[in-house]
Amino acid sequence: MPSNADKAYDAAAIEHRWQARWDNEGTNSFTLNELRTAARPFFNLMMFPYPSAEGLHVGNIYAFTGADVHGRFKRLQGYDVFEPIGFDAFGIHSENFALKIGAHPMRLIPANVQNFTRQLRRIGGMFDWDHTVDTTDPAYYKWTQWLFVQFFKSGLAEQKEAPVNWCPSCMTVLANEQVIVGACERCGAGVEQRFIRQWFFKITDYADRLLENLRHIDWSDTTRKAQWNWIGRSVGAELRFPVADDGADQTEVAVFTTRPDTVFGATYVVLAPEHPLVDAVTSDARRDEVEAYRERTQALDLVARKKVEKHKTGVFTGGYCINPATGKRVPVWIADYVLMGYGTGAIMAVPGHDERDFDFAQAFDLPITRVVAQAGEDASTPLTIAYEYPTGTLVNSGRYDGLQVDEAKEAIVADLAANRRAEAKVTYRLHDWCISRQRYWGPPIPIIHCDHCGAVPVPDEDLPVVLPFVEDFRPDESGISPLARVRDWYEVPCPECGRDATRETDVSDTFLDSSWYFLRYPSTDFDDQPFDAEITRRWLPVDTYIGGNEHAVLHLLYSRFIVMALHDMGWLHFEEPYDQFRAHGLIIREGAKMSKSKGNVIVPDPIIERYGADTFRLYLMFLGPFAEGGDYQDRGIAGPHGFLHRLWESVVPEDGDLPETAADPAVERKLHQTIKRVTEQVPALRYNTAIAAMMEYLNAARAGGRIPTRSEVEPLVCLVAPFAPHMAEELWQRLGHEGSIFDGANWPAYDPAKCVEQQARVAVQVNGRVRGTVSVPVGADRDTVVAEAMNEPNVARHLEGMDVRRVIHIPDRLLNLVVAQAAAVGG
RNA sequence: GCCGGGGUGGUGAAAUCGGUAUACACAGGGGACUUAAAAUCCCCCGGGAGCAUUCCCAUGCGGGUUCGAGUCCCGCCCCCGGCACCA
């Protein structure tokens, strides 16, 4: 006989018991053989966390729970769901934190990982703990380095000089995000720009394909749009402006423009201050001023430079170019509003038709010429602001006058191309991916520099290049990696010629670690290959990836690129990594963003302690639409908590047994309607309304204190299982089932015939205003409903003295009687 | 500035192929049970008028289309997120 205590809902006890059982019985983990043979594989991926010292925050739990609900739902439908988790533990984040508290990341990270693991288990995620990944484990980064070597061998990795943010006080390179209005976020010192030789992955080679596939992949629209904009494809032309007075040299300034039709209005040329031709075009008279300006620009960091300023700055170089269309001499200026990093780093300035050029021309009194006119304007209509619309008729453009903008674009490029002064060109906002970090906490880039052989990749058999333990990993003023101080590590013989050589001392970007982790998960059983061909074919691409939109453009774009390139190299059979991607929303608290400084961060552990993981999960999913996020209100947890209690009580009655009698027909109908709704809403990630539907159902089944029967509550246990897996397991067992509810396809089916109501409540409107409702058999025709409506006293009252002019009938929903004052009798 | 997503009760939010606005939940009020509390259960809960049947008003603001608009169209305002001198 079960005791009374045994009948109470003890969340903590139940959750611990089932978590232990899942571990012991391998409920959620796959053996290598199972991975090889799974009949209905479903790869349910979520974004692996960076294991911070603070532990999991609510945002993590929210994201993981939402993804876990999806995975559990699929599993209940009979899929073999693989749901791995791992740790993205390399990177500046970890390194800075370690520096701050004076600890070593090699000692810090394992403790963080352990704490995260404990928390992840506690929330009841369906994780396969036999297939985890830790990016800082040499067994993992061996293959990150292998990946680099593959890219190097394919010509997709190259070294070139690039500007970086340098903090002279911290003596380190900063990421753009670490620079706040020109100052270092940590010490406040002014940040400057340095040029350093770095490794790049040529993602721009893939820009068009990355863009093109966006059209058809099944991703959240917001994410696709973000990538679309980030890649930023612009179609235009490169025009060449010969430097004037240049003798036989024929130096040219190449500019990129999307508006070659406006070339007749190009009254000056602007180079980025860093442009390589600045020295050549600058006249001796202007040299000091030009140099001063360049120095001033360089002192600005990259971020401050990109801030739109109210007034433009720049200086005249004293040099001139020839406008290839007009043949006229135009002055060459340098200005920081022209960025070296985009297009050719030089522009033809068309102040009449570009707002920025217009501002600049006004500030420095440069000529403004109209070359496009719209209806009602002509060549002499003055311009008070730049006319930027991409339509109109050309004026002041010689023999092109009268052409439309689009025609002129083609004609002018074609004509200038004949003299090699132009060619059609596409430019991208997307840059090549700089993967070098002059830091310590990352995988060493597996390259050996040899004076004779150049950059030589570390041979596969010598991988991994283990990151050496360096007690003092603080960066120094040299701007080169801390590894450059570890002489006995970096001095090695060249793998090709055997002569003295040195290792690359930069480490790679964290985003490289995370660009392929999902490929590794199913293959962690192998240490002789990054991903097994057979297993990869079975499990990849990922079926569903759920994660935050903060990674919309970096991680998600990089991983697409990596997979596409690996596909081209012949390593993978697919070129898009994720069949379906869904972005989840952000969780806020009582209307405000959570932040440490505001002190309104939710610490999950005490809440789980008090209410249990099931309640916490259910509440998080109930807050609002998962894709949009929600507002966490401390008191609100009582709702879902009460619901779980009532469910428990209904399945495990305090006194007596669960009635085995037949279901009440009305309740049964509601049950089938509920199964239908939940089955439709869960895969659409509309968890909040799915939960509401379950609550509504349980309320109906318990209405007026009635005791639900077994057949009324048993399916509800399955419906709630993705959200409250521990309770579902416990109730499932108490209902007499053997084994886990998640083994076997236990998701209930609904009978469409049992969903339909017998009677419909039809709203009756008179002139669009509801005046009553009538109850009619489902499917009743218009005349029947009208007859019923006429009998409804309030409706009848509104029809007095009226003629019905029109009747609109929406079956089972609504009847609208359009009436007007009756014509007066004999009137 | 550009690109997303939003604006509905005291609060979180439902409802979007145009068809009874406010489901579900929190908070609040009243009641049952209880020595009491908790838990549970029942009732009320957008605003205004009214004893009431009922009527009027209400989905950020202003117009429009329609028998009918939270939903569609036009013009605005505000909030959140991202990008931002991209030529």
Side-chain angles (χ1 to χ4, degrees), chain A residues 220-226 228-230 232-234 236 255-259 262 270 305-309 312 335-339 341-350 353-357 359-360 388 427-431 549-550 552-553 583 585-586 588 590-591 593 619 622-625 627-643 645-646 649 654 686 688-699 702-705 761-773 793-794 797 805-819:
Chain A
S220 294
D221 285 342
T222 54
T223 316
R224 287 198 302 182
K225 189 81 185 173
W228 184 274
N229 292 337
W230 186 262
R233 185 176 197 265
S234 316
V255 304
F256 174 74
T257 178
T258 55
R259 297 294 304 271
T262 61
V270 187
R305 165 88 181 270
K306 282 187 172 174
K307 280 238 148 62
V308 184
E309 309 235 325
K312 301 253 183 291
D336 66 2
Y337 83 92
V338 175
L339 307 173
Y342 185 76
T344 61
I347 61 158
M348 64 174 200
V350 184
H353 303 280
D354 182 282
E355 192 188 344
R356 297 152 301 177
D357 298 342
D359 292 347
F360 192 80
E388 294 191 304
T427 297
Y428 302 90
R429 208 192 77 100
L430 178 70
H431 283 42
N549 233 358
E550 67 272 19
V553 290
L586 241 53
I588 57 169
E590 324 254 275
K593 209 166 150 178
Y619 179 47
F622 184 63
L623 290 178
E628 283 157 42
D631 189 349
Y632 187 100
Q633 304 198 326
D634 295 1
R635 297 175 303 201
I637 198 166
H641 192 235
F643 168 70
H645 262 105
R646 288 191 290 279
E649 215 179 83
E654 265 177 49
R686 282 155 56 204
N688 57 332
T689 51
I691 294 166
M694 290 188 265
M695 287 174 165
E696 213 177 307
Y697 170 66
L698 189 62
N699 289 346
R702 289 166 57 95
R761 279 200 0 265
V762 175
V764 181
Q765 298 182 338
V766 177
N767 283 347
R769 289 178 173 273
V770 179
R771 298 303 180 186
T773 60
N794 198 44
R797 197 163 64 81
R805 297 284 167 88
R806 206 174 146 190
V807 177
I808 287 129
H809 178 227
I810 310 295
D812 301 337
R813 303 279 288 172
L814 174 137
L815 183 76
N816 188 11
L817 302 169
V818 183
V819 302

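The model shown is predicted, which means the values in this text are computed figures rather than measured ones. Order of the sequence lines fixes the chain letters, A, B, ..., with proteins taken first and strands second; residue numbering starts at 1 for each chain.
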Atom pair distance, as rounded to whole Å: [atom1] in [X] and [atom2] in [N]:
X: A:Met348; N: B:C85; atom1: CE; atom2: C1'; result: 17 Å
X: A:Glu388; N: B:C85; atom1: CD; atom2: C1'; result: 11 Å
X: A:Arg805; N: B:G68; atom1: CZ; atom2: P; result: 15 Å
X: A:Ile810; N: B:C17; atom1: CD1; atom2: C1'; result: 12 Å
X: A:Asp336; N: B:C85; atom1: CG; atom2: P; result: 11 Å
X: A:Asn549; N: B:C3; atom1: CG; atom2: P; result: 18 Å
X: A:Phe643; N: B:U40; atom1: CZ; atom2: P; result: 13 Å
X: A:His809; N: B:G68; atom1: NE2; atom2: C1'; result: 15 Å

Just distance, no hydrogens or angles: give the donor-acceptor pairs under 3.5 Å from side chains in residues 765-772 of chain A, sequence neighbours left out.
| residue | atom | partner | partner atom | Å |
| --- | --- | --- | --- | --- |
| A:Asn767 | OD1 | A:Val819 | N | 2.8 |
| A:Asn767 | ND2 | A:Val819 | O | 3.4 |
| A:Arg771 | NE | A:His798 | NE2 | 3.4 |

Using a cut-off of 4.0 Å on non-hydrogen atoms, how would the nucleic acid contact of [X] be classed: base, sugar-phosphate, or nothing?
X: A:Asp357; value: nothing
X: A:Pro793; value: nothing
X: A:Leu623; value: sugar-phosphate
X: A:Gly704; value: sugar-phosphate
X: A:Asn229; value: sugar-phosphate
X: A:Arg686; value: sugar-phosphate
X: A:Arg771; value: sugar-phosphate

Please check if the side chain of [X] supplies one atom and the backbone of [Y] the other of a donor-acceptor pair under 3.5 Å.
X: A:Asn549; Y: A:Ala583; value: no
X: A:Ser220; Y: A:Thr222; value: no
X: A:His809; Y: A:Val807; value: no
X: A:His353; Y: A:Thr262; value: no

Considering only the [atom1] atoms, how many Å lie between [N] and [M], rounded to the nearest integer?
N: B:C24; M: B:C42; atom1: P; value: 12 Å
N: B:A58; M: B:A21; atom1: C1'; value: 10 Å
N: B:G28; M: B:C17; atom1: P; value: 36 Å
N: B:A23; M: B:A15; atom1: C1'; value: 8 Å
N: B:U8; M: B:G12; atom1: P; value: 7 Å
N: B:C43; M: B:A25; atom1: P; value: 12 Å
N: B:C26; M: B:C80; atom1: P; value: 29 Å
N: B:C61; M: B:G70; atom1: P; value: 12 Å

Taking N or O atoms only and anything under 3.5 Å, show me the protein contacts with nucleotides 20-29 of chain B, one pair per line.
| residue | atom | partner | partner atom | Å |
| --- | --- | --- | --- | --- |
| B:U20 | OP2 | A:Arg813 | NH2 | 3.1 |
| B:U20 | O4 | A:Arg761 | O | 3.3 |
| B:U20 | O4 | A:Arg761 | NH2 | 3.3 |
| B:A23 | O2' | A:Glu696 | OE1 | 3.1 |
| B:A25 | OP1 | A:Asn699 | ND2 | 2.8 |

Look at [X] and [N] and indicate whether a side-chain polar atom (N or O) is within less than 4.0 Å of OP1 or OP2.
X: A:Arg769; N: B:C57; value: yes
X: A:Lys225; N: B:C83; value: no
X: A:Arg233; N: B:C86; value: no
X: A:Arg259; N: B:A87; value: no
X: A:Arg806; N: B:C67; value: yes

Of all the choices, [options], which nucleotide is nearest to the side chain of [X] once you look at every atom?
X: A:Ile808; options: B:A87, B:A84, B:G19; answer: B:G19
X: A:Asp631; options: B:G12, B:C41, B:G6; answer: B:G12
X: A:Arg797; options: B:G81, B:A87, B:C55; answer: B:C55
X: A:Pro625; options: B:A14, B:A87, B:G4; answer: B:A14

Checklist entry - Does NZ or CZ of A:Lys312 lie under 6.0 Å from the centre of the six-membered ring of A:Phe360, at an angle within 45° of the ring axis? => result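 Not satisfied by the 6.0 Å and 45° rule.
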Item to check | 5' priority, RNA chain B, between A:Asn794 and A:His645 [closest heavy atom] | outcome: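 The 5'-side residue here is A:His645.
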Checklist entry - Taking only residues two or more places apart in sequence or in another chain, which ones pass salt bridge (charged side-chain N to carboxylate O under 4.0 Å, His left out) with A:Arg224? => result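 A:Arg224 satisfies salt bridge (charged side-chain N to carboxylate O under 4.0 Å, His left out) with A:Asp221 once adjacent residues are dropped.
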Next on the checklist: The criterion is salt bridge (charged side-chain N to carboxylate O under 4.0 Å, His left out); which residues satisfy it with A:Arg356, sequence neighbours excluded?
Outcome noted: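 A:Asp354.
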Next on the checklist: With syn defined as a glycosidic angle within 90° of 0 and anti as the rest, where does B:G9 land?
Outcome noted: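 Here B:G9 takes the syn form, which means its glycosidic angle is within 90° of 0.
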Item to check | Side chain A:Lys312 and base B:C85 donor-acceptor under 3.5 Å | outcome: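 Yes.
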Item to check | salt bridge (Lys or Arg N to Asp or Glu O under 4.0 Å) contacts touching residues 633-643 of chain A (sequence neighbours left out) | outcome: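 Those involving residues 633-643 of chain A are A:Arg589-A:Asp634.
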Checklist entry - A:His641 and A:Tyr619: side chain to side chain contact (heavy atoms under 4.5 Å, CB included), yes or no, with the steps? => result CA-CA 8 Å; A:His641 192 235; A:Tyr619 179 47; over 6 Å; no
Next on the checklist: Stem finding on RNA chain B, please: runs of three or more consecutive Watson-Crick or G-U wobble pairs, both distances under 3.5 Å, sorted by first number.
Outcome noted: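 Output for stems: B:1-7 with B:77-83, B:10-12 with B:24-26, B:28-32 with B:40-44, B:46-49 with B:54-57, B:60-64 with B:72-76.
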Next on the checklist: Any donor-acceptor pair under 3.5 Å linking the side-chain atoms of A:Asp359 with those of A:Tyr337?
Outcome noted: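 No, because no side-chain N or O of A:Tyr337 sits under 3.5 Å from a partner of the opposite role on A:Asp359.
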Item to check | Side-chain heavy-atom pair A:Arg233, A:Trp228 within 4.5 angstrom cut-off | outcome: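 They are not in side-chain contact.
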Checklist entry - Has A:Leu586 got more than 12 heavy atoms of other residues, nucleotides or ligands less than 6.0 Å from its CG? => result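 Incorrect, the count does not exceed 12.
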